[in-house]
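In each ligand, atom 1 is the first atom listed, and ligand 1 is the first ligand listed.
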Amino acid sequence: MTEIRTTGAATGSQPGFDSSGAAGGVEGVHPPQISLRALRKSFGSVTAVDGIDLDVFDGEFFAMLGPSGSGKTTVLRMIAGFEVPTSGSVFLGGVDATALPSYRRDVNTVFQDYALFPHMTVAKNIEYGLLVDKVPRAERIRRVGEALEMVRLGGYEARRPTQLSGGQRQRVALARALVKRPKVLLLDEPLGALDLKLREQMQLELKAIQREVGITFVFVTHDQDEALTLCDRLAVFNNGQIEQLGAAHEVYEYPATAFVAAFVGSSNFIGADAAQSLFGKTGSFAVRPEKVAIAPRGEPTPTNSPHLDGIVRDVVYAGSVTRIVVDGPAGLTLNATVLNAEGGVDTSIRRGAPVTLHWPETAFRRISD
Ligand code: ADP
Ligand code: MG
């Protein structure tokens, strides 16, 4: 991956990170590509973004994940300069960009409704931004060619958007953003309009393209599978705040709150009362369904594992897995997800059957409410 050096020629205050690579020229130390500090945005009485602190680093594939209305797009628009923060700051490459107009920011955005010019060819669509920037013709042609290769659309120069599939159109939109070689690319649900198969294919391509070009991607989605597939790190948004920030596997394996445990994957919740009475534990806990094993009642289970007796309420076949819903003690409903490997699920586990659920002690995740 090519390393992008931040120049930081700027005036303006520094956000509160340790090294001042921009000002001090410390070799190999860079300020974050994006830093948000106490960022807030209100629309009338609606608080869309409620105090966000975040650093995104060079070359990261960063995802903002959260339900609709949680403030993701508003944060993206403040990074791009399309929206003025009510308070707080946006730093780009260590420089305070809060008051900079969007065209002065080294940031490009790809939207869901990729808004290509319908009357222009693919090549002209991609070239457009370079024309506006008065890039000389020979360089324009070369860069359009490179951008098309990057998104694997070499040979499509002369087509019009109507002659392309949804996935191809999205790749043209991506090329149009990449051709300007921004330090940061913001992507707001760019795959939302594509059907599942194509979306999964584009996810892998996006990841490969990002690795190749090495620029920082900030990717907004409400789809947890998409976020986990694509990103190095992610922020989980809820009500205009970041509920949890971390590497994809950290957030999935160690959800910090009940919201994250439910929104990123699914979880079994064991409230404080049930945790105390059934397991002698203090606090609330989440247990992932794929870590829960299920055995017909009376069959031996690992002696030191936590276990619960229950009655099967439902068995849901879902292709690669079967989901088993069990009514347990203390009003608990628990889910176990069993991989449909060769041999499948024990046939005695059907609706109404008495069963025992068990999981390793380490599968308990303490969460705050
Ligand atoms: P997300 O992208 O996570 O779905 P948004 O950032 O679009 O969320 O919206 C966050 C909240 O701010 C929502 O309640 C939304 O209705 C509100 N909002 C966003 N933009 C505007 C606007 N221009 N005017 C008024 N309310 C807005
Ligand atoms: Mg949005």
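Nearest to atom 12 (O) of ligand 1 among the protein's heavy atoms is A48 CB, 3.2 Å. For atom 19 (C) of ligand 1, the closest heavy atom belonging to the protein is F43 CE1, 3.5 Å. The single protein non-hydrogen atom nearest to atom 4 (O) of ligand 1 is G69 N, 2.6 Å, given as residue, atom name and distance. The closest protein non-hydrogen atom to atom 8 (O) of ligand 1 is G71 N, 3.2 Å. At the top of the distance list for atom 7 (O) of ligand 1, counting protein heavy atoms only, stands T73 CB, 3.7 Å. Distance from atom 3 (O) of ligand 1 to its nearest protein heavy atom, with residue and atom name: K72 NZ, 2.8 Å. Looking at atom 14 (O) of ligand 1, its nearest protein heavy atom turns out to be V46 CG1, 3.9 Å.
For atom 10 (C) of ligand 1, the protein comes within 4.0 Å by at least one heavy atom. For atom 16 (O) of ligand 1, no protein heavy-atom neighbour is found at a distance under 4.0 Å.
When each of T86, T73, V49, L36 is paired with M78, the side chain to side chain contact (heavy atoms under 4.5 Å, CB included) condition holds for V49 and for no other. Checking N238, V251, I367 one by one against V260, the side chain to side chain contact (heavy atoms under 4.5 Å, CB included) holds for a single residue, V251.
When each atom of ligand 1 is checked for a heavy atom of S70 under 4.0 Å away, the hits are 1 (P), 3 (O), 8 (O). Residue contact check: P67 has heavy atoms under 4.0 Å from atoms 3 (O) of ligand 1. When each atom of ligand 1 is checked for a heavy atom of T74 under 4.0 Å away, the hits are 5 (P), 6 (O), 9 (O), 19 (C).
Seen from the ring of F57, R233 does not count as a face-on cation partner, given the 6.0 Å and 45° thresholds. Cation-pi contact between K124 and Y128: absent, since separation from the ring centre below 6.0 Å together with deviation from the ring axis within 45° is not met.
Not close to ligand 1: G66, with no non-hydrogen atom less than 4.0 angstrom away.
We find that K207 and D232 are joined by a salt bridge, their nearest charged nitrogen and carboxylate oxygen being less than 4.0 Å apart.
Here F82 contributes atom CZ and T74 contributes atom OG1; the two are 13.0 Å apart, rounded to the nearest 0.5 Å.
Taking the six-membered ring for Trp, F279 and F285 have ring centres at least 6.0 Å apart.
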Return a table of donor-acceptor pairs under 3.5 angstrom between the side chains of residues 151-160 and protein atoms on other chains or two or more places apart.
| from | atom 1 | to | atom 2 | distance (Å) |
| --- | --- | --- | --- | --- |
| R152 | NH1 | M150 | O | 3.2 |
| R152 | NH2 | E212 | OE2 | 3.4 |
| Y156 | OH | Q168 | NE2 | 3.3 |
| E157 | OE1 | G155 | N | 3.0 |
| R159 | NH1 | Q163 | O | 3.1 |
| R160 | NH1 | H119 | O | 2.5 |

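The Mg ion (ligand 2) lies at 2.8 Å or more from every N, O or S atom belonging to S68.
Under a cut-off of 6.0 angstrom, the local environment of CZ in R40 is crowded, with over 12 non-hydrogen atoms contributed by other residues, nucleotides or ligands.
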